[in-house]
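Below is one structure, written out as structure tokens, with a few remarks after it.
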Amino acid sequence: MTDVSPDIALIRARLLDWYDRHARSLAWRAPPGTRQRPDPYRVWLSEVMLQQTTTPHATPYFQTFTSRWPTVSDLAAAQDAEVMAAWAGLGYYARARNLLACARAVAGEHGGVFPDTEAGLSALPGVGAYTAAAVAAIAFDRPANVVDGNVERVMARLFAVETPVPQARPELRRLAGLFINDQRPGDWAQALMDLGATVCRPKSPLCDLCPIADPCAGRASGDPERYPVKTKKTDRPQRKGVAWVLFDDQGRVAVETRPDKGLLGGMLGLPTSDWTTGEPLTPPPIDADWRDVGSVEHVFTHFSLTLTVMTARGEARAGWRWMPFEAARAALPTVFAKALDRATVESDLFL
DNA sequence: CAACCGTGGTG
DNA sequence: TCACCAAGGTT
């Protein structure tokens, strides 16, 4: 084993220099040039929103949240339903429930001030290893091993790691840790992630633009895109279900709040059949003149769903409540928004 | 610890 | 069209 410490220092210097010249302007970043630390609330909020979510998708939500709830205490004081509605469409709804729980913990148990250590941050709801490290580094400039999918990919390529993920995770984390020191920890973390997002991309990496192409073993291999090596995927099962779109005579829609646990937990929903068993021929939940208006397709993380949409006018059942169409449309997760749109387009109930 | 948990863009 | 995948966390 050769001594790689000179390469580590070189890579750090080159990447930080690249970041100084190419850092993206993002809504949650402090203006470039200003040495001030960004607001921990905004850093935390952005990191939670960016979990498994692209920057273009998260950005408008970030603007809405910070405009509506400028501080963590404002967010802590919000109603559950308004926060869940504001999160609708962003996905992984446990994040929104944990976001509120975290805001209330910070407001109630920490005087409205975020903990400034990784350990303190890790104790908060919805804050895992990555987010704790990212907030500690970016908001508080503490040395922390910030390892997300970008960092894993950069390390896998830089060192041509042949072990497939997810088995390689500990090794990739160890390699990322080699670069951590107390010099500009927040900038280092963001430089590494920016590089992964814009240059060391999953597909078609732009090695010609990469500031650390020279020491990169993946580049030297001639096929950097092969890294990180992955084990093969498991296929997605296909499920079927029925959504019941019930209108009253004012055009309002019957909705229900879904249980906190499980798929779309805590979100507003349309009444549906059980789609976990793949049995679409569920009897209607209430007696009405139901009309089949076709179906919508939706892909979740671990299954695909064909949702048959039935619509009628009628009386709401216990557990349901009427909501004006536009309010419901805005607060529903995407799968139900699709169903509602289907019912509206195909129905003559409004004519 | 593997399974569960959304959505939209992309090649 | 469809598989991949994005600033992951929880159980």
Side-chain angles (χ1 to χ4, degrees), chain A residues 23-24 26-29 38 42-62 84 87-99 101-102 121-139 144-154 165-167 169-170 173 176 186 188-198 200-205 225 228 230-239 258-267 269 276 296-305 332-338:
Chain A
R24 293 178 295 169
L26 301 173
W28 41 88
R29 285 187 174 165
R42 296 165 66 90
V43 174
W44 161 76
L45 179 62
S46 69
E47 292 299 342
V48 173
M49 287 185 167
L50 288 166
Q51 289 166 10
Q52 299 292 287
T53 306
T54 59
T55 296
H57 194 189
T59 296
Y61 287 85
F62 179 83
M84 298 310 286
W87 197 274
L90 199 50
Y92 284 131
Y93 298 101
R95 291 187 296 173
R97 286 180 276 120
N98 287 329
L99 190 82
C102 182
L121 290 160
S122 288
L124 295 168
V127 178
Y130 164 76
T131 304
V135 175
I138 297 169
N145 200 7
V146 182
V147 183
D148 71 335
N150 288 308
V151 176
E152 288 183 351
R153 182 171 59 257
V154 171
V165 286
Q167 298 98 295
R169 292 252 153 78
R173 171 173 297 277
W188 172 252
Q190 292 177 95
L192 211 42
M193 292 191 286
D194 266 22
L195 186 79
T198 63
C200 198
R201 308 181 297 190
K203 294 177 182 176
S204 308
E225 195 171 322
K230 298 178 190 62
T231 53
K232 67 175 187 295
K233 65 205 176 290
T234 62
D235 54 350
R236 246 191 270 278
Q238 175 74 34
R239 297 183 185 172
R258 297 174 60 85
D260 274 346
K261 295 191 182 305
L263 189 73
L264 310 174
M267 292 299 288
T276 61
V296 295
E297 300 290 333
H298 193 75
V299 179
F300 292 99
T301 303
H302 58 293
F303 67 95
S304 298
L305 178 68
L332 287 167
T334 301
V335 62
F336 293 130
K338 285 182 185 175

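Heavy-atom basis, side chains included; hydrogens, waters and symmetry copies ignored. Just so it is clear: chains get the letters A, B, ... in the order the sequence lines come, proteins before strands, and each one is counted from 1.
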Quiz prompt | side chain to side chain contact (heavy atoms under 4.5 Å, CB included) assessment of A:V48 paired with A:Y92 | solution = CA-CA 10 Å; A:V48 173; A:Y92 284 131; over 6 Å; no
Quiz item: How would you label the contact of A:V299 with the nucleic acid (heavy atoms, under 4.0 Å): base, sugar-phosphate, or nothing?
Solution: base
Quiz item: Contact class for A:W28 vs. all strands (heavy atom < 4.0 Å): base, sugar-phosphate, or nothing?
Solution: base
Exercise. Specify the separation, in whole Å, of atom CG of A:L90 and atom P of B:dC5.
Key: 18 Å
Quiz item: Roughly how far apart, to the nearest Å, are B:dG6 and C:dT11 at atom P?
Solution: 14 Å
Quiz item: Touch check for A:T55, heavy atoms < 4.0 angstrom, all strands: base, sugar-phosphate only, or nothing?
Solution: nothing
Quiz prompt | Between P of B:dG6 and NZ of A:K338, the distance in whole Å | solution = 14 Å
Quiz item: How would you label the contact of A:G89 with the nucleic acid (heavy atoms, under 4.0 Å): base, sugar-phosphate, or nothing?
Solution: sugar-phosphate
Practice problem: Round to the nearest Å and state the distance from A:E225 atom CD to B:dG11 atom C1'. | Solution: 10 Å
Exercise. Using the C1' atom on both, measure B:dG8 against C:dT1 and round to a whole Å.
Key: 16 Å
Quiz item: Hey, is the side chain of A:T334 poking within less than 4.0 Å of OP1 or OP2 on B:dT7, counting only N and O atoms?
Solution: yes
Quiz prompt | Residue pair A:V147 / A:A176: nearest heavy atoms and the distance that separates them | solution = CG2-CB, 3.9 Å
Practice problem: Using the closest heavy atom to pick a nucleotide of DNA chain B for each, name whichever of A:H57 or A:S204 lands nearer the 5' end. | Solution: A:H57
Quiz item: For A:R153, which contact category applies under a 4.0 Å heavy-atom criterion: base, sugar-phosphate, or nothing?
Solution: sugar-phosphate
Quiz item: So what does A:L99 hit on the nucleic acid, given a heavy-atom distance under 4.0 Å: a base, only sugar-phosphate, or nothing?
Solution: nothing
Quiz item: What is the distance from CZ of A:R239 to P of B:dC5, rounded to the nearest Å?
Solution: 8 Å
Quiz item: Once you round it to whole Å, what is the distance between P of B:dC4 and CZ of A:R97?
Solution: 16 Å
Quiz item: Taking the nucleotide of DNA chain C with the closest heavy atom to each, which residue, A:L50 or A:N98, is nearer the 5' end?
Solution: A:L50
Practice problem: Provide the closest heavy-atom pair for A:Y130 versus A:V146 in the form atom of the first, atom of the second, distance. | Solution: CE1-CG1, 3.4 Å
Quiz item: Do A:F300 and A:H302 have ring centres separated by under 6.0 Å?
Solution: no
Exercise. Name the nucleic acid region contacted by A:A129, choosing base, sugar-phosphate or nothing; use a 4.0 angstrom heavy-atom cut-off, strictly under.
Key: sugar-phosphate
Exercise. Could you tell me which non-hydrogen atom of A:Q238 sits nearest to which non-hydrogen atom of A:E297, and how far apart they are?
Key: NE2-OE1, 4.0 Å
Exercise. May I ask you to say what A:V335 touches in the nucleic acid, namely base, sugar-phosphate or nothing, with a heavy-atom cut-off under 4.0 Å?
Key: sugar-phosphate
Exercise. Quick one: label A:P166 by what it contacts on the DNA or RNA (base, sugar-phosphate, nothing), any heavy atom closer than 4.0 Å.
Key: nothing
Quiz item: If you measure from CZ on A:R169 to CD on A:Q167, what distance do you get to the nearest 0.5 Å?
Solution: 9.5 Å
Quiz item: Could you give the start and end, 5' to 3', of the contact zone on DNA chain C for chain A, using atoms under 4.0 Å from its heavy atoms?
Solution: C:dA3 to C:dT10
Quiz item: A:V147 or A:K230: which one's nearest nucleotide on DNA chain C is closer to the 5' end?
Solution: A:K230
Quiz item: What is the distance from CD of A:E297 to C1' of B:dG6, rounded to the nearest Å?
Solution: 16 Å
Quiz item: Distance between the C1' atoms of B:dC5 and C:dA6, in whole angstroms?
Solution: 15 Å
Quiz item: Which is true for A:D194 with a 4.0 Å heavy-atom rule: it touches a base, it touches only sugar-phosphate, or it touches nothing?
Solution: base
Self-check item: Spacing of the P atoms in B:dG9 and C:dG9 (rounded, Å)
Solution: 24 Å
Quiz item: How many angstroms lie between atom CG of A:D148 and atom CD of A:Q52, to the nearest 0.5 angstrom?
Solution: 9.5 Å
Quiz item: Any idea which of B:dG8, B:dG6, B:dG11 is nearest the A:Y93 side chain?
Solution: B:dG6
Quiz item: If you measure from CG on A:L124 to CG on A:N98, what distance do you get to the nearest 0.5 Å?
Solution: 10.5 Å
Self-check item: Approximate separation, where rounding is to 0.5 Å, of A:M84 CE and A:M267 CE
Solution: 5.0 Å
Quiz prompt | Any A:H302 side-chain N or O less than 4.0 Å from OP1/OP2 of B:dC4 | solution = no
Exercise. Using atom CZ of A:R169 as one end and atom P of B:dA2 as the other, report the distance to the nearest whole Å.
Key: 11 Å
Quiz item: Which whole number of Å gives the distance between the C1' atom of C:dA7 and that of B:dG11?
Solution: 22 Å
Exercise. Have a look at A:A58 and say if it touches a base, only the backbone sugar-phosphate, or nothing, with a 4.0 Å heavy-atom cut-off.
Key: nothing
Quiz item: How close or far is atom C1' of B:dG6 from atom CZ of A:R95, stated in whole angstroms?
Solution: 8 Å
Exercise. Examine B:dT7: is either OP1 or OP2 under 4.0 Å from a nitrogen or oxygen in the side chain of A:H298? Give yes or no.
Key: yes
Quiz prompt | Least distance between heavy atoms, A:P205 atom then A:E225 atom | solution = CD-OE1, 3.8 Å
Exercise. Return yes if the base of B:dG8 and the side-chain atoms of A:T54 contain a donor-acceptor N/O pair under 3.5 Å, otherwise no.
Key: no
